[in-house]
Amino acid sequence: MLRKLDESLIADLPPFSRLGRPEIREILDQAAPRRHEEGAAIFREGEEADRFHLLLDGHVRVLRTTASGEQVVLRHIPPGQLIGIAQAIGRTTYPATALAASECLTLGWPARLWPVFVSRYEGFASETWATLGRRLEELNDRVAELATKAAENRVAACVLRMANQSGRKVEGGGIEIAFPVTRANIADMTGTTLHTVSRLLSAWEKDGIVESRRRHIVVTAPHRLVLLSGTAG
DNA sequence: GCATTAAATAGAA
DNA sequence: TTCTATTTAATGC
């Protein structure tokens, strides 16, 4: 059995940041910690949503399965956020599959505790709505991009988004996307093909905007990516 | 401007 | 080796 979880693990995370030590303790004592290998499913689309989770460490790749059986990447989620919160949107099954994009550590609670958390813990509900709101806002941006922007703009915006949300500073001043991501993953999220993404990344690398190895991308000139995204400047 | 197709190369298991 | 990721060129809408 694991040691007691330390309160500092979640005390500063938005859903719990307004709570006192006794409440944090109470919440942790009901949590089941789990480690997920890279590529493992944390939960799957269509399954009974019997738990909700907090992503403590690692990154999650969210997938939808199409009618023809193909999986497409919808988004990536950085650590510190709640995931699998079907209860928050009135669902009893998970709307999508969550894979560990890198090794992940999660805390899970039984779904029956959802209404308890919402009513009992100050700020839990409002922070959850805020998180869902931000995801919706990002989705709106992406739909607008799909309708109005060229492929290069969309891929630039996507890479920039991942660098902002999940970037780690690397020596030399670049920002590395902190989880393994393929050209095909980016193609899914931008409505392009892996060939187009490959061609763009190669061109950007020649221009000194990014450096990429297989499954790893470092953004070396973020400001130039902003220009390429066609969002500002 | 991009997708599609195809073929070659290279890294990882 | 076999599987997966990536690159590059040719072709077409």
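In what follows, chains are A, B, ... by sequence order, proteins preceding strands, each numbered from 1.
Phosphate contact (OP1/OP2 of C:dT6, side-chain N/O of A:Arg183, threshold under 4.0 Å): present. Dashed line: the shortest gap from a side-chain N or O of A:Thr192 to OP1 or OP2 of B:dA3 is not under 4.0 Å. At the phosphate of C:dA5, neither OP1 nor OP2 sits under 4.0 Å from any side-chain N or O atom of A:Thr182. A sub-4.0 Å separation between OP1 or OP2 of B:dA3 and a side-chain N or O of A:Thr193 is present.
Regarding A:Arg199, its CZ atom lies at a distance of 12 Å from the P atom of C:dA9, rounded to whole Å. One atom, CG of A:Leu194, and another, P of B:dT4, lie 10 Å apart when rounded to the nearest Å. Rounding to whole angstrom units, CG of residue A:Leu146 and C1' of B:dG1 are separated by 16 Å. Atom pair A:His216:NE2 and C:dT6:C1' shows a separation of 14 Å (rounding to whole Å applied). What separates CZ of A:Arg213 from P of C:dT4 is a distance of 21 Å, to the nearest Å. What separates CG of A:Asn185 from P of C:dA5 is a distance of 8 Å, to the nearest Å. The nearest whole Å value for the distance from the NZ atom in A:Lys149 to the C1' atom in B:dC2 is 18 Å.
Proximity of a side-chain donor or acceptor of A:Trp109 to a complementary backbone N or O of A:Ile27 within less than 3.5 Å is detected. A distance-only check finds a donor-acceptor pair linking the side chain of A:Arg154 to the backbone of A:Thr190 [under 3.5 Å]. Counting only distance, with no hydrogens or angles, the side chain of A:Ser198 and the backbone of A:Leu194 share no donor-acceptor pair below 3.5 Å. With A:Thr97 contributing its side chain and A:Glu45 its backbone, the two residues share a donor-acceptor pair below 3.5 Å.
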Heteroatom pairs (N/O) under 3.5 angstrom, protein to nucleotides 5-13 of chain B:
{"unit_1": "B:dA6", "atom_1": "N6", "unit_2": "A:His195", "atom_2": "ND1", "d": "3.4"}

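One hydrophobic cluster holds both A:Val181 and A:Ile209 under the rule that ILVMFWY side chains link at heavy-atom gaps under 4.5 Å.
Side-chain contact between A:Ile85 and A:Trp114 is present, with heavy atoms from C-beta onward closer than 4.5 Å.
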Show your working on side chain to side chain donor-acceptor pair (under 3.5 Å) between A:Gln165 and A:Gln81 and close with a plain yes or no. CA-CA 12 Å; A:Gln165 295 172 358; A:Gln81 292 192 21; over 6 Å; no
Full working for side chain to side chain donor-acceptor pair (under 3.5 Å) between A:Arg44 and A:Thr65: CA-CA 10 Å; A:Arg44 288 187 183 280; A:Thr65 305; over 6 Å; no
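Here the shortest heavy-atom pairing between A:Ser102 and A:Phe179 reads OG-CB, 4.1 Å.
Each end of the helix from B:dG1-C:dC13 to B:dA13-C:dT1 yields a helix axis from five base pairs, and these two axes differ in direction by 10° (to the nearest 10 degrees).
Distance from the side chain of A:Ser198 is smallest to C:dT8 among C:dT8, B:dC2, C:dA5.
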